[in-house]
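Working notes for the structure below.
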Amino acid sequence: MLSVRPVQAFADNYIWLIHSPLHPERVAVVDPGDAAPVIEELRRSDLQLAAILLTHHHPDHIGGVPELLRLAEVPVIGPKDERIATRSQTAVEGQEIELPELGLAFKTLEIPGHTLSHIAFWGHDAVFCGDTLFSAGCGRTFEGTAQQMNTSLERLRALPPHTQVYCGHEYTASNLRFARAVEPDNGACADYQAQVTRLRANGEPTLPSTLALEIQVNPFLRCDTPAVRHAAQQKAGSALTDNAQVFGVLRAWKDQFR
Ligand SMILES: [Zn+2]
């Protein structure tokens, strides 16, 4: 299994360091919004930066890139988007991203919705999905439509169930409060909430998650289940005919949820 460690940044971001299986001291960094905590971790653990992977253009995911490039001239791989000026290599749908320095390769999935050019990196039984899929929740649809975001989430849901899910933020506890409002009778949500409460009380990350768990607890991956559809229809006050409509109602509901 892939060896990955979190670096915490800002209030609730995770920057992921992926170790090379061949040379464990070499790492790729995913979404370094801030360079300082990454540099501190590299020094503390005697690691060498070998590549930078970017899922989307938001400053809290790319802000640290210029400073990291002053430390090491490494490839910066991200989506085709002019807003990512530091990108040296573009990752497009279906493309295999080779990281020969690390002995790793990831497949690119284009998953628009949170932003239009958002991508995920999938490989070695892991997916780095930025702000599209969170544990028990999903990102806001800032640029795309509900239809696009729902399609993107359905693509992620179709990956193998044992896939480890590495998200960009620690939002699991608040996401679960919403998940339980949508599905009060979902026992998996209740169990997971107890586990998450314990982890957070100890200051531990709730990530990575797995797709198998997300399919049980994440309302945004459950738009086709009767309980979730029923809750969305109650909220909307009308019949909803497809999963994207259910998703749209859930997303709007979550945006207002406190
Ligand atoms: Zn974002």
Side-chain angles (χ1 to χ4, degrees), residues 4 6-18 28-38 52-68 76-87 90-93 97 106 108-122 126-157 164-175 178 205-209 214 218-221 247-248 250-257:
V4 182
V7 173
Q8 298 189 25
F10 309 116
D12 48 35
N13 282 68
Y14 288 122
I15 298 167
W16 299 106
L17 296 182
I18 310 172
V29 63
V30 183
D31 285 355
D34 190 5
V38 175
I52 299 173
L53 304 179
L54 304 175
T55 64
H56 67 295
H57 77 278
H58 284 157
D60 64 319
H61 293 253
I62 70 170
V65 175
E67 200 177 329
L68 290 175
V76 180
I77 301 154
K80 182 171 166 45
D81 192 315
E82 295 315 309
R83 296 170 293 190
I84 305 177
T86 52
R87 187 180 78 256
T90 302
V92 299
E93 172 60 34
I97 298 298
F106 292 95
T108 310
L109 305 175
E110 291 182 356
I111 47 168
H114 178 68
T115 70
L116 284 176
S117 62
H118 200 302
I119 59 172
F121 298 96
W122 171 55
V127 66
F128 296 86
C129 51
D131 289 355
T132 298
L133 176 62
F134 295 127
S135 186
C138 72
R140 289 178 186 248
T141 48
F142 285 127
E143 295 180 2
T145 62
Q147 177 91 51
Q148 279 176 316
M149 188 69 163
N150 186 59
T151 300
S152 296
L153 291 169
E154 286 180 348
R155 290 196 66 196
L156 294 173
R157 186 178 70 169
Q164 305 267 312
V165 180
Y166 291 92
C167 322
H169 291 270
E170 179 62 66
Y171 289 156
T172 315
S174 64
N175 285 340
F178 177 71
T206 62
L207 302 171
S209 177
E214 293 308 314
N218 192 323
F220 297 98
L221 297 187
F247 172 83
L250 286 183
R251 188 57 262 178
W253 181 3
K254 174 71 165 65
D255 289 347
Q256 306 298 324
F257 188 80

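Both ligands and their constituent atoms are indexed starting at 1 by order of listing.
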| request: Please list, in chain and residue-number order, the protein N/O/S atoms closer than 2.8 Å to the Zn ion (ligand 1). | output: His56 NE2, His58 ND1, His114 NE2, Asp131 OD2

| task | To the nearest 0.5 angstrom, please state how far the CG atom of Asp255 sits from the CG atom of Leu250. | result | 11.0 Å

| query | What about the rings of His169 and His61, do their centers lie closer together than 6.0 Å? | reply | yes

| Among Asp31, Ile18, Thr108, Ile119, which one satisfies side chain to side chain contact (heavy atoms under 4.5 Å, CB included) with Leu53? | Ile18

| field | Donor-acceptor contact below 3.5 Å, side chain Trp16 vs main chain Cys167 | value | yes

| query | side-chain hydrogen bond (donor to acceptor under 3.5 Å, both in side chains) with Glu93: which residues, sequence neighbours excluded? | reply | Arg155

| said: Checking the side chain of Arg87 only, and the main-chain atoms of Glu82 only, is there a donor and an acceptor separated by less than 3.5 Å? | reply: no

